[in-house]
Amino acid sequence: MTSPADAPLPSRLPRPDGEREALERAWRAPNGWRLLSAVNNTHIGVFYIATAMLFFVLAGILGLVMRAQLAVPGNDLVDPGTYNQIFTMHGTVMMFLFAVPIVEAVAVYLLPGMLGARDLPFPRLSAYAFWAYAIGGLAFFCTLFFGEAPDGGWFMYPPLTSKEFSPGRGADWWLLGIGFIEISAIAGAIELIIGILFTRAPGMTLMRMPVFAWAMLVSALMIVFAFPAVIAATTLLELERAFDWPFFIAQRGGDPLLWQHLFWFFGHPEVYIIFLPAAGMVSMMVATLAATPLVAYRGVVAALAGVGIVSFALWAHHMFTAGLGSVPMMIVSAASFLVAIPSGMQVFAWIATFWRGRVRFDTPTLFLLGFHFIFVLGGLTGVMVAVLPFDWQAHDSYFIVAHLHYVLIGGMVFPLFAGLYYWAPVFKGHRLSERCGRWVFGLMFVGFNLSFFPMHLSGMLGMPRRIYTYPSDLGWNGLNLLSSIGAFVFAMGVLLFFVDAARTLRRPSRDHGDPWKAGTLEWLPQRDYGVRSIPQVDARDPLWVRPTLAQEVEAGAHWLPGTAFGGRETLVTSAVDAQPRHLLRLPGDGWLPFVAAAGTAGFFLLLTAGWVATAFLCGLLAIAAILAWLWGSDQPPPASTVQVAEGVHLPVGAIGRASHSWWAVIVLIVVDMTIFASFVFAHLHVSMAAEICPPPGAALPSAVWPLGSSLLLLTATILMWGATRGVGAAQRGLRLRVALAFACVACAFALDLAGHLRGDLDPTAQAWSATVGALLAYQGFHVAVLLLMGGYLLLRSWSGRLRPDARATLDNTALMFFCVAAQGLIAATIVQVAPRWVA
């Protein structure tokens with residue numbers, strides 16, 4: 001077998017047409033309503049973008065209702081309760097159902113083409129993430145029509161959202177609905193991280209990767225570390241509302257600021273999770289529209305990473321008025337200034353690229369110039385609110401509303417619309433109307449600034465956020481009327497865009513022909529299977545460096561010009577230097593991801609509605625669908641090696657650390673451990689806030705119980721490690737070790753639970769006991785999941801499907817097993833040591 005590292009370049013000889021026909025058969029999309037069962041990126045990406053844009057329109061309509069209410073003083077268009085629901089849903093839909101999903105949607109659609117891959121490595125996971133988001137998001141939005149919508153703001157601060165002050169189900173809809181929508185976002189992030197690192201075209205080293213891929217990699221990694229905090233926060237608040245566990249009730253030792261810490265540890269990085277992909281799109285469009293390589297490519301990549309890292313130091317940026325103390329506030333203030341440096345580096349790189357090249361003033365260019373103006377202004381006001389005395393004056397005023405929209409709409413929506421005009425030909429080969437596009441830009445740019453710039457002034461004049469009306473003698477009348485007129489002008493621009501898009505999409509498909517003369521791989525001829533052959537990449541802008549590359553790829557003269565086994569396949573390459581490693585067989589279309597997503601959405605939504613039995617049936621349906629799709633995924637390859645180019649053979653599939661699924665579980669474990677760390681933080685926060693720890697009425701279990709539990713967990717870890725070394729030997733011995741390991745984990749949890757119950761643990765008594773109960777509940781949830789995974793693993797062993805060349809189920813289960821054991825050991829130690837440490 002030829003070593004991939006020493007392999008010659010693929011043959012440039014034309015390939016037979018039969019290979020193209022085989023590709024078309026393997027990747028042919030289902031017809032009619034069965035198209036909903038499609039899983040490849042060319043369809044899921046389009047569904048994703050369309051759904052996210054639908055939520056953009058719905059949230060925009062809510063914004064127009066708000067502006068109509070505030071256009072004149074003393075208006076009674078909507079009552080205060082309805083207005084509270086509207087502004088809560090407007091912010092929630094924009095942030096959770098539009099902003100993050102749209103950047104993931106664009107990535108799902110474009111990244112495989114940019115990377116030269118046939119598809120992302122987990123097509124079913126992409127489909128599951130989309131359908132969970134779409135079904136759950138639409139159901140959540142419909143609560144507005146039944147008087148069940150949340151009304152506590154998109155940030156849901158307790159105690160306003162506690163059961164005492166929000167007795168209805170609106171807050172529960174927000175907590176459970178948003179919680180699982182975030183799970184969907186995390187699933188998409190895992191898919192993107194593994195896809196970017198392991199499915200790039202051969203030769204596309206990290207420093208040859210498109211900037212958008214870099215931006216999505218940084219953004220997806222930020223999702224992995226930021227979103228678990230809000231999942232933990234929503235879980236704690238829902239436990240408080242449902243079971244009276246007082247995490248945030250000050251009278252029983254809780255702290256409302258705990259919610260703010262957890263929420264903003266997610267919320268402020270989320271601003272950059274939204275901005276960085278948009279910045280990546282800008283970097284790619286600027287280079288093409290200026291017809292010159294991006295200035296300071298390495299500097300831009302470093303700036304993306306720098307923004308991602310620094311953003312996690314900014315969570316208390318929104319808490320300057322919360323009384324945190326002078327030292328923490330000064331540190332966060334300094335970080336707020338610091339993050340402007342890498343952001344500014346990117347802006348200067350874009351300006352330099354435009355300056356060096358020959359700029360074409362097409363519609364995408366206009367949107368990019370508008371983005372520069374608006375985002376820089378939003379960045380300047382961001383620096384202003386980083387100044388503590390100014391923030392104390394402007395906090396919760398309309399100045400902050402203006403700043404937020406200048407950063408988010410300027411920093412994401414304008415680049416998005418530039419991208420929609422720029423990449424529209426990739427979809428069906430047609431550009432959107434240039435004449436309409438100029439009108440769209442003009443209406444959106446003028447309308448946006450007319451709407452939001454006056455809010456700076458009204459905020460400085462003292463207009464607070466989240467008021468539904470105001471008296472006429474405060475000097476805000478004219479400013480609010482201008483803002484309302486501007487909002488409707490902006491909406492006219494958006495409406496004209498959709499009219500133009502609908503007209504263009506009705507035209508028949510054709511080859512796009514690279515209308516912008518771009519240099520990146522997504523402008524190669526694309527089909528449902530992506531490119532005809534996966535290109536060998538030798539530069540950052542391969543189409544500029546090698547003008548004949550499109551013809552070579554279309555002729556099948558590069559890697560994997562057909563289908564080796566008659567199904568869907570792509571190449572897996574090394575993470576750093578993109579050397580070919582093995583052939584990855586991809587799953588075909590099917591209904592299982594749709595069913596699993598519908599079951600997941602049904603579980604959370606019906607549980608919120610109080611239909612407990614039906615909710616658990618939906619949960620079981622989701623689990624069954626996921627197990628069914630996993631059952632067929634871990635199969636031995638049809639052959640050990642396969643030819644992927646002239647004289648080059650690669651292994652089919654991989655095991656252990658060479659497997660993409662192994663790394664996906666590693667990322668999942670990082671997510672899981674971050675949620676666990678958020679619960680640990682809650683416990684330590686409450687412990688440090690208590691005058692006495694444990695507080696009166698709470699007691700630590702005897703050290704005998706956690707010691708016994710820890711010994712069982714260590715024994716289980718040794719047994720499971722031994723099981724991973726036993727594949728290929730007697731399966732009976734492997735099954736015995738696996739069964740004993742899982743039994744030890746279950747017994748360890750039983751000891752922990754018994755120890756706390758003997759200590760009269762009552763999570764409703766005070767917050768300290770509630771946080772202990774939360775740690776126990778999280779461990780119990782993991783033990784239940786592990787037992788399910790263990791049963792599944794044993795079933796595969798009994799059926800003969802666990803083999804040395806098909807062992808991903810064992811390896812991935814073992815990884816999760818070690819994670820759960822580590823959590824049990826850490827939790828037991830923290831609960832025992834924290835009171836003594838605090839004392």
Side-chain angles (χ1 to χ4, degrees), residues 148 150-153 155-180 229-263 603-613 615-616 675-676 678-701 752-781 784 827 831 834-835:
E148 292 276 338
D151 58 2
F155 37 80
M156 294 295 285
Y157 281 177
L160 178 64
T161 53
S162 65
K163 201 70 172 179
E164 179 182 359
F165 299 105
S166 295
R169 282 201 293 248
D172 300 306
W173 282 110
W174 192 97
L175 293 168
L176 290 172
I178 295 305
F180 93 85
V230 78
I231 292 174
T234 55
T235 301
L236 294 179
L237 186 51
E238 186 57 32
L239 286 173
E240 178 178 298
R241 290 178 56 83
F243 302 111
D244 194 31
W245 292 16
F247 301 103
F248 310 106
I249 300 175
Q251 295 86 341
R252 287 189 275 167
D255 187 1
L257 285 182
L258 172 60
W259 169 271
Q260 292 193 35
H261 281 295
L262 292 174
F263 183 84
F603 173 76
F604 284 96
L605 297 171
L606 294 174
L607 199 62
T608 309
W611 297 6
V612 177
F616 275 93
I675 297 175
F676 174 70
S678 299
F679 287 135
V680 170
F681 171 80
H683 178 70
L684 295 176
H685 181 90
V686 169
S687 299
M688 295 176 69
E691 294 183 3
I692 302 173
C693 186
L700 284 172
D752 275 333
L753 185 60
H756 283 288
L757 291 178
R758 286 178 65 88
D760 296 326
L761 177 69
D762 181 7
T764 65
Q766 20 54 30
W768 186 87
S769 295
T771 58
V772 173
L775 288 170
L776 272 175
Y778 198 62
Q779 186 71 4
F781 166 75
V831 171

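Because the structure is predicted, anything quoted here is derived from the model rather than measured.
- A heavy-atom distance below 4.5 Å is found between the side chains of S162 and E240.
- The two residues R241 and G168 make their nearest non-hydrogen contact at NH2-O, 2.7 Å.
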Report task. Kindly determine whether Y778 and I675 satisfy side chain to side chain contact (heavy atoms under 4.5 Å, CB included), including the steps that lead there. Result -> CA-CA 9 Å; Y778 198 62; I675 297 175; 3.4 Å; yes
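- Aromatic ring orientation, F603 versus F616: perpendicular (interplanar angle above 60°, classes split at 30° and 60°).
- Here F248 contributes atom CZ and L239 contributes atom CG; the two are 9.5 Å apart, rounded to the nearest 0.5 Å.
- Side chain of R252 to backbone of T764: a donor-acceptor contact under 3.5 angstrom is found.
- Scanning all heavy atoms of the two residues, the minimum distance from A698 to P694 falls at O-CB, 3.9 Å.
- Put simply, CG on L237 and CG on L176 are 10.0 Å apart, with the number rounded to the nearest 0.5 Å.
- Contact annotation: the side chain of L761 approaches that of L776 to within less than 4.5 Å [non-hydrogen atoms, C-beta and beyond].
- Across all their heavy atoms, A770 and P246 have their closest contact at CB-CD, 4.0 Å.
- Between W245 and F247, the ring planes lie tilted relative to each other; the angle falls in the 30° to 60° range.
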Name the atoms and distances for all side-chain donor-acceptor pairs under 3.5 Å in residues 678-686, with sequence neighbours left out.
{"from": "S678", "atom 1": "OG", "to": "T674", "atom 2": "O", "distance (Å)": "3.0"}
{"from": "H683", "atom 1": "ND1", "to": "T771", "atom 2": "OG1", "distance (Å)": "2.8"}
{"from": "H685", "atom 1": "NE2", "to": "D255", "atom 2": "OD2", "distance (Å)": "2.7"}

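- By the 4.5 Å heavy-atom criterion applied to side chains, S769 and D762 are not counted as neighbours.
- Proximity of L175 to T161: side-chain heavy atoms (C-beta onward) are nowhere separated by under 4.5 Å.
- Taken to the nearest 0.5 Å, the CG atom of D752 stands 10.5 Å off from the CG atom of L757.
- For the pair P158 and P256, the tightest heavy-atom approach, listed with the atom from each and the gap, is O-CB, 3.6 Å.
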Report task. Determine, stepwise, if the pair W174 / T234 fulfils side chain to side chain contact (heavy atoms under 4.5 Å, CB included). Result -> CA-CA 9 Å; W174 192 97; T234 55; 3.7 Å; yes
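- Scanning all heavy atoms of the two residues, the minimum distance from L607 to A615 falls at N-CB, 3.5 Å.
- Checked by atom type and distance alone, the side chain of S166 never pairs as donor or acceptor with a backbone atom of K163 at under 3.5 Å.
- Side chains of W259 and M156 form a contact here, defined as non-hydrogen atoms less than 4.5 Å apart.
- Shortest non-hydrogen contact noted between L775 and F676 is CD2-CE1, 4.0 Å.
- Applying the salt bridge (charged side-chain N to carboxylate O under 4.0 Å, His left out) test to E148 and every residue at least two apart in sequence or in another chain returns R169.
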